[in-house]
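Okay, so here's the structure we're looking at.
FYI, side chains are in, hydrogens and waters are out, and symmetry mates aren't considered; it's all heavy atoms of this structure.
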Amino acid sequence: MKIASWNVNSLKVRLPQLTEWLAAAQPDVVALQETKLEDARFPRDELAAAGYRAVFAGQKSYNGVAILAREEPREVVTDIPGLDDPQRRILAASVGPLRVVDLYVVNGKAVGDPKYAYKLAWLEKVREFLAREHERHPHLVVLGDFNIAPDDRDVHDPAAWHERVLCSTPEREALRRITELGLADSFRLFEPGAGHFSWWDYRQGAFRRNLGLRIDLILIGEALKPAARAATIDREPRRWERPSDHAPVTLELDI
DNA sequence: ATGGTAGAACGTCTA
C-alpha cells in the first residue's frame, strides 16, 4: 500500500496537478490539506473518474481536508471532543486495514500571537483524540501538514529559524507528545540526514535555492513499523507551473 | 527592507 499526504493550497487550482500526480504515483490513500472548498464544490466526480473515492471536510476560502482512497473510506470523523472548531482541519477515516487521520495543523502565525496559543491548545486536544484512536486502532496513520519542523535537520537555516513559529520548542514538544503515543515519523525510519524539505515559501526563489522546511509528516503506529518499506518526498510537482508551495510526501507499507 | 508571493475574493486575511 502506498499512502501520501499533500497540502495542495486550493484543490480548485491544483486539481489538474493532483490528477496528473495520482496517475503517475498511483497511491492507494491520499490525505489532502488546504482544499479551500466548500463541500458542495468538492470535485468528487473528477476524482472518481481518476479512480478515487473521497471523503472531505471543507469550508470556503480557508483550511479544508480530504481523504482519497481506492475503496470507500469508512467510519468518518470530522469533529473531536473538546474542539468546537469551525475550522476544518481534521478528518479521520478507516481505509482497508488502516485508520487514517488527516491533519492540517494550525500555522500559528508567530510565537506569542493568539493564533500560536490556539495552535498549542489545538495540538493538545488532537493528542487526546489520537491517544483514543490508537487504543482502538493499532494500524494508525496520522499524516498531514503539521506546520512543525520536528528538529533542526528539517530546517534549511536553523539559526535563522531558532525559536520562530514552526520551529519553536513548545511546538516541537507538542509534536513529541504526539509521537510518544507510539507514532513514528516514518521519513526518519529511512533517512537520518538533514536537508530534506516538503515546503518552500513562494517568495524569493526559495524552492530553487532549497530554502525549505520538512513540515509534512506521515506518522505510523508501532504495529505498522515492521511493514514500512520506503518514504519519499516527491519534489517533482513543486517544479511544475503554478505549483502548491508543498510537495507530496509518501510512505510504502507492505500491508 | 516587517519586504517578498500565492490563493480566495475584490478589501484584506492567511500562510
Side-chain angles (χ1 to χ4, degrees), chain A residues 5-21 30-43 46-47 56-66 83 85-91 102-123 126 143-150 154-157 159-168 170-172 174-175 197-217 233-249:
Chain A
S5 175
W6 195 4
N7 179 325
V8 291
N9 187 18
S10 170
L11 183 53
K12 182 184 170 191
V13 171
R14 231 65 68 190
L15 182 60
Q17 299 192 18
L18 175 62
T19 54
E20 180 167 350
W21 186 77
V30 185
L32 303 176
Q33 305 85 36
E34 287 206 90
T35 55
K36 299 186 175 180
L37 282 172
E38 291 175 295
D39 288 348
R41 297 183 180 276
F42 193 90
E46 290 89 336
L47 289 166
F56 37 85
Q59 66 184 92
K60 199 176 189 176
S61 302
Y62 300 113
N63 309 312
V65 283
L83 261 185
D85 191 351
Q87 300 192 22
R88 302 291 82 191
R89 296 179 174 277
I90 183 162
L91 180 62
D102 179 10
L103 301 179
Y104 174 48
V105 174
V106 178
N107 174 286
K109 189 169 181 174
V111 174
D113 191 276
K115 292 192 176 78
Y116 180 82
Y118 164 58
K119 180 179 197 172
L120 295 178
W122 188 94
L123 283 163
V126 168
L143 74 175
D145 176 358
F146 281 72
N147 269 318
I148 300 171
D154 305 308
V155 182
H156 69 89
D157 185 345
W161 282 85
H162 181 69
E163 294 301 339
R164 286 180 55 194
V165 74
L166 313 188
C167 298
S168 74
E171 290 165 272
R172 286 174 169 175
L175 176 59
F197 309 129
S198 67
W199 169 83
W200 303 261
D201 199 293
Y202 282 120
R203 295 165 285 194
Q204 299 173 329
F207 178 67
R208 180 176 47 77
R209 300 156 66 199
N210 199 28
L211 307 181
L213 303 178
R214 191 175 68 90
I215 56 178
D216 298 273
L217 310 178
I233 303 172
D234 187 355
R235 295 155 57 99
E236 184 61 26
R238 188 65 175 79
R239 300 188 186 98
W240 295 345
E241 282 291 313
R242 214 179 174 193
S244 168
D245 45 351
H246 294 252
V249 298

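Minimum atom distance to the side chain of A/Tyr62 is reached by B/dC13, of the listed B/dC13, B/dA6, B/dG4. Closest to the side chain of A/Ser10, from the set B/dT14, B/dA8, B/dA15, is B/dA8.
Protein atom NE2 of A/His246 is 12 Å distant from nucleotide atom C1' of B/dT14, rounded to whole Å. Here the C1' atom of nucleotide B/dA15 and the CD atom of A/Gln87 are 12 Å apart, to the nearest Å. Going from atom NZ of A/Lys109 over to atom C1' of B/dC13 covers 9 Å, rounded to whole Å. A/Trp200 places its CH2 atom 16 Å from the C1' atom of B/dA6, with the value rounded to the nearest Å. Atom CG of A/Asp245 and atom C1' of B/dG4 are 14 Å apart (whole Å). Taking atom CZ of residue A/Phe207 and atom C1' of nucleotide B/dT5, one finds them 16 Å apart after rounding to whole Å. Note: CD (A/Glu34) to P (B/dA8) measures 10 Å, nearest angstrom. Distance, A/Lys36 NZ to B/dT12 P: 19 Å, rounded to whole Å.
Contacts of A/Lys60 with the nucleic acid, taken as non-hydrogen atoms under 4.0 Å apart, involve only primed sugar atoms and P, OP1 or OP2. Contact annotation for A/Arg238: no contact, since no heavy-atom pair falls under 4.0 Å across all strands. Using a 4.0 Å heavy-atom distance criterion, A/Tyr104 is classed as a sugar-phosphate-only contact.
Below 30°, between 30° and 60°, or above 60°: for A/His246 and A/Trp199 the angle between ring planes is between 30° and 60°, a tilted geometry.
Contact check, A/Arg203 against B/dA15: no side-chain N or O comes under 4.0 Å of OP1 or OP2. Contact annotation: A/Arg89 side-chain N/O to B/dA15 OP1/OP2 distance is under 4.0 Å. A/Arg242 has a side-chain polar atom (N or O) that falls below the 4.0 Å cut-off from OP1 or OP2 of B/dG7.
If you take atom C1' in B/dT2 and the same atom in B/dA15, they sit 15 Å apart, rounded to whole Å. The P atoms of B/dT12 and B/dG3 are separated by 15 Å, rounded to the nearest whole Å.
The backbone N or O of A/Leu166 lies less than 3.5 Å from no partner atom in the side chain of A/Arg172, so there is not a single donor-acceptor pair. A donor-acceptor pair is defined here as one N or O able to donate and one able to accept, closer than 3.5 Å; no such pair exists between the side chain of A/Asn63 and the backbone of A/Glu34. With hydrogens and angles ignored, the 3.5 Å screen pairs no side-chain donor or acceptor of A/Arg235 with any backbone N or O of A/Ala247.
Looking only at side-chain heavy atoms (C-beta outward), A/Asp216 and A/Phe146 stay at 4.5 Å or farther from each other. Under the 4.5 Å side-chain criterion, counting only non-hydrogen atoms from C-beta, A/Asn147 is in contact with A/Tyr104.
At a non-hydrogen distance threshold of 4.0 Å, A/Lys115 from residues 111-123 of chain A come into contact with DNA chain B.
Of the candidates A/Asn9, A/Asn7, A/Asn107, A/Asn7 is the only one forming a side chain to side chain donor-acceptor pair (under 3.5 Å) with A/Asp145.
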